[in-house]
Amino acid sequence: MSSTTREVILGVGAGIAAYKSCDLLRRLQERGYGVTVVPTPTSLNFVGAATWQALSGRPVTTQVWENTHEVSHISLAERADFFLIAPATADLIARIAAGRADDLLTNLVLASDVPMLIVPAMHPSMWNDPATVANVATLRKRGYTVMEPEVGRLTGTDSGQGRFPETSTIIAALDEISGNKRDLVGKRILITGGGTREAIDPVRFIGNRSSGKQALAIARNALLRGATVDLIAANMDSSSLNGAHVTSVESAAEMRAALAISFPLCDVLIMCAAVADAKPVRSAIEKIKKSLFTSIELEPNPDLLAELGKSKTHQIMIGFAAETSELRESARAKLLAKGLDVIYVNDVSGGAIFGKDTTQGMILTRTGADIALKEVSKDALANLLLDHANRQLG
Ligand code: C5P
């Protein structure tokens, strides 16, 4: 299982509905899923490997013996959090029911025990054939979720039960089996992440150790929960994030300008970025010579969060802090001074947390009890903070 993105294997069977799975793939990516497409060899008659490769940005393989240097079927199976087979033909359903392993996809199905969503699409006479009915019953008995095809017009002139469901219906079914909450639909969440850089000259800057991983975890989980996400990214890699509107900034001044545009529109601000407390009074246009580089005169940066706290209209505001001692006292003081609803204080004693996938610290709110967290994933903290924000939004 991946620690950063929820990984889906999108299995594609040889049905005309395969072309509709191109859109399905896009929508999954937008919702923050990492998607590896595994088509059956015959499905390439409908949509070719090049299309899947271009859309997924990942290698596409149909047989166990292809590209073994890049992906083994066992490691692919181990990486997956969910399987989505769409479209599933009568033949593919029969092969899975029989436990066959005659292509990469059916190998993966055997090698994996993660939740499986199968989306059949075929002619009604094939769907209603006793062989298919029995195979579907076998798969359901095995714990796989097999969706009911929709009733309506088919590829030809006839109609009946066999149509591939709408993308949104498939995604809703996947959300159900993946335990994905959709409680932030219609909410706009603004997140800042990474660390600002304050230029000393064209080469040097004052920066900090913030990796942006916590902000990415919040953005990804907010997307999965249906929110519209704006990320103001300061010197962090957000290339794994699909579906957010990302504004890249370098300095506190640039972040301030980006916040001025996005803050009035958001419902929730999660200020996760490490904003430099001070910046050089002057940023030299030319590189400062080594012999003259002996001191830097600093002036304070504006406190962006405190400024926004004064101008807020309806927004829920969540701040972050990093402390090495007296966590609770200093966090409570910041909560009040910056006009926040919630603050999370990272316990960074001993250089912990920066660049890691886990965090430890304390959540403080204005009214509720303090919540101490000991070594939780940044995804788990993201969801706790989103729960708080959602509760306060009412
Ligand atoms: O005061 P301190 O830097 O510990 O507060 C941290 C919180 O304030 C974070 O949410 C950070 O993004 C924000 N902050 C800010 N502008 C600054 C410094 C910090 O918005 N100049």
Side-chain angles (χ1 to χ4, degrees), residues 189-199 205-219 222 230-236 238 247-264 266 268-281 298-312 315-349 351-354 359-366 373 378 381-382 384-386 388-389 392:
I189 303 202
L190 173 59
I191 302 158
T192 65
T196 65
R197 290 179 181 176
E198 311 300 325
F205 58 81
I206 298 173
N208 60 66
R209 290 183 193 279
S210 179
S211 63
K213 279 195 171 182
Q214 183 63 70
L216 274 186
I218 299 169
D230 292 310
L231 173 68
I232 302 178
N235 311 296
M236 57 180 270
S238 62
T247 307
S248 294
V249 297
E250 172 122 357
S251 62
E254 285 178 21
M255 183 169 281
R256 190 192 209 184
L259 279 165
I261 296 168
S262 301
F263 181 69
C266 78
V268 178
L269 167 67
I270 304 184
M271 191 81 187
C272 195
V275 183
D277 293 317
K279 64 170 195 279
V281 172
L298 298 177
E299 65 183 359
N301 261 330
D303 190 314
L304 309 184
L305 195 49
E307 280 182 354
L308 294 171
K310 287 193 193 107
S311 74
K312 80 168 188 177
Q315 295 86 350
I316 302 299
M317 294 182 50
I318 301 184
F320 272 69
E323 304 287 352
T324 51
S325 63
E326 294 176 350
L327 265 61
R328 192 189 304 262
E329 297 69 24
S330 48
R332 175 117 351 244
K334 279 179 196 173
L335 180 80
L336 300 176
K338 298 189 190 222
L340 305 177
D341 300 286
V342 181
I343 193 163
Y344 175 69
V345 53
N346 282 290
D347 179 359
V348 289
S349 48
I353 299 173
F354 294 115
T359 177
Q360 60 186 42
M362 199 174 272
I363 300 176
L364 282 82
T365 59
R366 281 185 173 253
L373 300 176
K378 288 184 174 175
L381 174 67
L384 283 174
L385 294 177
L386 291 168
H388 273 288
Q392 303 217 8

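All values below were derived from every heavy atom in this structure, side-chain atoms included, with hydrogens, water molecules and symmetry-related copies excluded. Remember, it's 1-based here, ligands and their atoms both numbered in the order they're listed.
- Residue nearest to atom 11 (C) of ligand 1, selected from Gly319, Pro300, Ala273, Ala337: Ala273 (by heavy-atom distance).
- Of all protein heavy atoms, the one closest to atom 16 (N) of ligand 1 is Leu304 N, 3.0 Å.
- Qualifying salt bridge (charged side-chain N to carboxylate O under 4.0 Å, His left out) partners for Glu299, counting only residues two or more places apart in sequence or in other chains: Lys279.
- Atom 3 (O) of ligand 1 has as its closest protein heavy atom Asp277 OD1, 3.8 Å.
- For atom 17 (C) of ligand 1, the nearest non-hydrogen atom from the set Val345, Val275, Ile318, Ile343 comes from Val275.
- Here the OG1-CG distance, from Thr192 to Leu305, works out to 8.0 Å after rounding to the nearest 0.5 Å.
- The nearest heavy-atom contact from the protein to atom 10 (O) of ligand 1 is Met271 O, 2.7 Å.
- Heavy-atom separations between Lys338 and ligand 1 include at least one value shorter than 4.0 Å.
- Ligand 1 places these atoms under 4.0 Å from at least one heavy atom of Lys334: 1 (O), 2 (P), 4 (O), 5 (O).
- Environment of CZ in Arg366: crowded, with over 12 heavy atoms of neighbouring residues, nucleotides or ligands closer than 6.0 Å.
- Within the 4.0 Å heavy-atom shell around ligand 1 one finds Pro302.
- By the side-chain hydrogen bond (donor to acceptor under 3.5 Å, both in side chains) test, Gln315 is found to be paired with Thr313, residues two or more places apart in sequence or in another chain being considered.
- Atom CD1 of residue Ile318 and atom CD1 of residue Ile191 lie 9.5 Å apart, to the nearest 0.5 angstrom.
- The option from Thr196, Leu305, Thr192, Asn346 that lies nearest to atom 13 (C) of ligand 1, judged by heavy atoms, is Leu305.
- Atom 6 (C) of ligand 1 has Phe320 O, 2.8 Å as its closest protein atom, hydrogens excluded (heavy atom only).
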